[in-house]
Number of protein chains: 2
Amino acid sequence: MRLTTKGRYAVTAMLDLALHGNDRPVSLADISGRQDISLSYLEQLFAKLRRNNLVSSVRGPGGGYRLSRDGHEIFVAEIIDAVNETVDATGCGGTADCQQGEVCLTHHLWCDLSEQIHSFLSGISLSQLVERREVQTISARQNARNQPNTELSLSEV
Amino acid sequence: MRLTTKGRYAVTAMLDLALHGNDRPVSLADISGRQDISLSYLEQLFAKLRRNNLVSSVRGPGGGYRLSRDGHEIFVAEIIDAVNETVDATGCGGTADCQQGEVCLTHHLWCDLSEQIHSFLSGISLSQLVERREVQTISARQNARNQPNTELSLSEV
DNA sequence: CTATAACCTACTAAATTGGTCAACTTTAAA
DNA sequence: TTTAAAGTTGACCAATTTAGTAGGTTATAG
């Protein structure tokens with residue numbers, strides 16, 4: 001099982017999208033600025049997210065990405081699966097041929113664990129995260145950092 | 001968070017120890033033969049398990065390893081922690097300084113996930129695994145493969 | 001037409017995994 | 001008291017993955 005920055009970045013970026021993408025598409029440059037994730041790396045991640053129909057893109061000036069569904073219908077597990085291939089904890093990927101074609105001694109344990117993790121992450125939607133108080137606090141901090149003063153009124157019109 | 005073959009091998013090896021270590025110490029060569037794990041790699045893993053007081057060793061001919069506690073008191077989470085450093089899903093390792101000294105947008109999510117995984121794996125002891133039917137079935141298969149015939153009566157005296 | 005931003009491909013540096021190998025030290029059976 | 005079994009240590013290595021660069025090409029709003 002893998003859960004590295006790749007999956008974390010993807011979820012963070014999608015949450016940023018859910019927070020800022022209500023009215024217009026959000027550019028990767030904006031996400032990069034707010035979340036401290038390299039732009040080129042974001043491009044790679046969003047290519048996968050797009051292939052998995054989690055976001056849709058708008059090209060050209062003023063373009064960017066939108067969630068392809070309502071935030072209530074996008075779950076954390078999907079996002080991680082999209083960029084990470086799988087959240088499986090077994091060595092065999094669930095095919096049960098871990099020891100010379102037969103199941104290994106601990107196969108069932110890892111299956112149970114995978115099930116646990118997957119059901120936990122499948123139960124959390126982007127909208128649920130948006131509603132959390134800590135998320136709103138942190139998001140406000142990030143907005144303040146990136147729009148220090150005047151620009152705000154201009155872009156908020 | 002990492003859960004790779006390293007942690008899986010360690011749990012598998014410890015379970016083998018719980019299954020075969022009732023009367024005498026078990027050599028790494030035996031475990032290697034039964035579980036298809038390289039002997040040299042097992043040596044590395046058991047060095048860590050020993051440092052974490054999960055096993056104790058008996059040197060010299062007829063030596064090997066024993067569980068340092070009863071199987072009811074050794075939990076899967078401990079084993080993985082011992083070889084893998086941590087089963088933490090956050091990027092910051094729990095220190096909450098993920099974004100320029102402050103918490104990142106998804107910090108709390110990864111904390112919750114870590115808590116889920118850890119409590120799941122902390123609730124499973126080696127003895128519980130030994131008692132599982134599938135484990136007994138697989139273990140019987142492995143014993144048959146490694147002691148094809150006669151030797152059995154000799155070593156079982 | 002020009003600036004913007006998605007999209008695409010190739011490359012790379014660093015880290016991690018999953019080992020191997022050789023050279024020990026310690027212990028205990030014969 | 002040999003001597004062989006077994007643990008211990010550290011150096012090394014190939015393959016893979018991660019995280020990120022670089023340099024382009026489309027597409028489109030203004």
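Because the structure is a prediction, the values reported are computed rather than measured. In what follows, chains are A, B, ... by sequence order, proteins preceding strands, each numbered from 1.
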Under 3.5 Å, which protein N or O atoms sit close to an N or O of nucleotides 21-23 of chain D? Give each pair with its distance.
| from | atom 1 | to | atom 2 | distance (Å) |
| --- | --- | --- | --- | --- |
| D:dT21 | O4 | A:Gln44 | NE2 | 3.2 |

Protein and nucleotides 27-30 of chain D: nitrogen or oxygen contacts under 3.5 angstrom:
| from | atom 1 | to | atom 2 | distance (Å) |
| --- | --- | --- | --- | --- |
| D:dA27 | O4' | A:Arg59 | NH1 | 2.6 |

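Within the 4.5 Å cutoff, the side chain of A:Leu121 has no heavy atoms near those of the A:Glu78 side chain. Between B:Lys6 and B:Lys48, some side-chain heavy-atom pair lies under the 4.5 Å cut-off.
Side-chain contact annotation: A:Arg34 with B:Gln99, donor-acceptor N/O pair under 3.5 Å absent. No donor-acceptor contact under 3.5 angstrom links the side chains of B:Ser114 and B:His118, judged on distance only. Side-chain contact check for B:Thr106 and B:Trp110: at least one donor-acceptor pair (N or O, by modelled atom type) lies under 3.5 Å.
Ring pair B:Tyr41/B:Tyr9 is perpendicular by interplanar angle, where above 60° counts as perpendicular and below 30° as parallel.
Within the nucleic acid shown, B:Phe46 has no heavy atom closer than 4.0 Å to any nucleic acid atom.
The distance from atom CG of A:Asp30 to atom P of C:dA5 is 8 Å, rounded to the nearest whole Å. The separation between B:Leu28 atom CG and C:dT20 atom P is 14 Å, rounded to whole Å. The CZ-C1' distance, from A:Arg66 to C:dA5, rounds to 14 Å in whole Å. Atom CG of B:Leu42 is separated from atom P of C:dT20 by 10 Å (rounded to the nearest Å). Atom pair B:Leu17:CG and D:dG7:P shows a separation of 11 Å (rounding to whole Å applied). The nearest whole Å value for the distance from the OH atom in B:Tyr65 to the C1' atom in D:dT8 is 8 Å. Put simply, CG on A:Leu45 is 16 Å from P on D:dT17, counting in whole angstrom units. Distance, A:Gln35 CD to D:dG20 C1': 18 Å, rounded to whole Å.
The side chain of A:Tyr9 contributes an N or O atom lying less than 4.0 Å from OP1 or OP2 of D:dG20.
Checking each of B:Leu17, B:Leu19, B:Thr12 against B:Leu15 for a side chain to side chain contact (heavy atoms under 4.5 Å, CB included) leaves exactly one that passes, namely B:Leu19.
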Compile the donor-acceptor pairs under 3.5 Å between side chains in residues 55-62 of chain A and protein atoms, sequence neighbours left out, one pair per line.
none

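From B:Leu54, atom CG reaches atom CG of B:Asp81 across 9.5 Å, with rounding to the nearest 0.5 Å.
Proximity note for B:Ser57 (side chain, C-beta onward) versus C:dA6, D:dG7, C:dT17: the nearest is D:dG7.
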